[in-house]
Amino acid sequence: MKVIGLIGGMSWESSAEYYRLLNELTRERLGGLHSARCVLWSVDFAEIERLQVAGEWDKAGAVLADAARALEAAGAELLLICTNTMHKVADQVAAAVDVPLLHLADATALAVRSAGLARVGLLGTAFTMEQSFYRDRLASHGLDVLVPDAPGRALVHRVIYEELCLGVIREESRAAYRSVIADLVARGAEGIVLGCTEIELLISPADSPVPVFATTRLHAEAAVAAALAD
């Protein structure tokens, strides 16, 4: 099995999910006591969040690129950025190393298309929902992407940073997310992309009338498949 390099810590709550999923999926594939061969570089999310808010994406990308180089030096043979939002700097990170970077949006789009869907609602941070880097990557696979209205986007973003990234799960926030999802479905969404790794701590398939696409799991599945490929 190839060594999977994880650029994590954004937040560590979701990085823990990546670690759990990679090991569970490896055990499912190989059986017995098998677990994933992986190395993790966990950044200080406070530093990254400050750069996000300031719009200093090149500096944030440089931090992740340094992490990628460290992981490659530690033996990583493929890399994951364990956050949807920071795929804004995916090209910068990929250019810093000689090993492949598995793009989260590509794994997600493949799953959506495999389900026979063409129009999805996207939930994520304000950066992910409002900027083009993620929506365009999904659209490049032939998907039509809808995002919540302005109040919905503000709600989804606030819950991510003020609750989920801190490990806080509130039923009232789950109910609010359900309302946002219902609005997207009413506008024609055939599925919902949980385009922030922390959202999977709050929302499950039971919270949506249409299929949900859990990007953390999809990314982990793609990584394990690539790591076990000949």
Check: Roughly how far, to the nearest 0.5 Å, is CD1 of Ile7 from OH of Tyr18?
Finding: 11.0 Å
Margin query: Is there a side chain to side chain contact (heavy atoms under 4.5 Å, CB included) between Leu25 and Arg217? Walk through the geometry before answering.
Written below: CA-CA 9 Å; Leu25 292 165; Arg217 173 171 286 277; 3.8 Å; yes
Side chains of [X] and [Y], donor plus acceptor under 3.5 Å:
X      : Y      : answer
Asn84  : Tyr134 : yes
Thr128 : Thr85  : yes
Glu200 : Thr216 : yes

Next item on the list: Please lay out, stage by stage, how Arg170 and Glu163 fare under the test side chain to side chain contact (heavy atoms under 4.5 Å, CB included).
Entry: CA-CA 8 Å; Arg170 293 191 171 128; Glu163 298 176 20; 3.3 Å; yes
Checklist line | Heavy-atom neighbours of Phe127 CZ exceed 12 at 6.0 Å | finding: yes
Next item on the list: Quick one: do Leu155 and Arg158 satisfy side chain to side chain contact (heavy atoms under 4.5 Å, CB included)? Show the steps, please.
Entry: CA-CA 5 Å; Leu155 167 75; Arg158 180 191 63 75; 3.8 Å; yes
Checklist line | Pairwise side-chain contact, Leu228 with Leu30, heavy-atom cut-off 4.5 Å (strictly under) | finding: yes
Notebook entry, point to check: Which pairs pass salt bridge (Lys or Arg N to Asp or Glu O under 4.0 Å) with one or both residues in residues 109-126, sequence neighbours excluded?
Noted result: Arg119-Asp144
Margin query: Under the criterion side chain to side chain contact (heavy atoms under 4.5 Å, CB included), I'd like the reasoning laid out for Asp207 against Arg174: C-alpha separation, chi angles, the key distance, then a yes or no.
Written below: CA-CA 8 Å; Asp207 297 304; Arg174 180 177 286 114; 3.5 Å; yes
Next item on the list: Would you mind listing every side chain to side chain donor-acceptor pair (under 3.5 Å) that reaches into residues 52-64, with sequence neighbours excluded?
Entry: Gln52-Tyr161, Glu56-Lys59
Note to self: Between the side chains of Glu72 and Arg69, is the shortest nitrogen-to-carboxylate-oxygen separation below 4.0 Å, so that they form an ion pair?
What the structure shows: no
Note to self: Do Val43 and Leu166 land in one hydrophobic cluster if side-chain heavy atoms of ILVMFWY residues count as linked below 4.5 Å?
What the structure shows: no
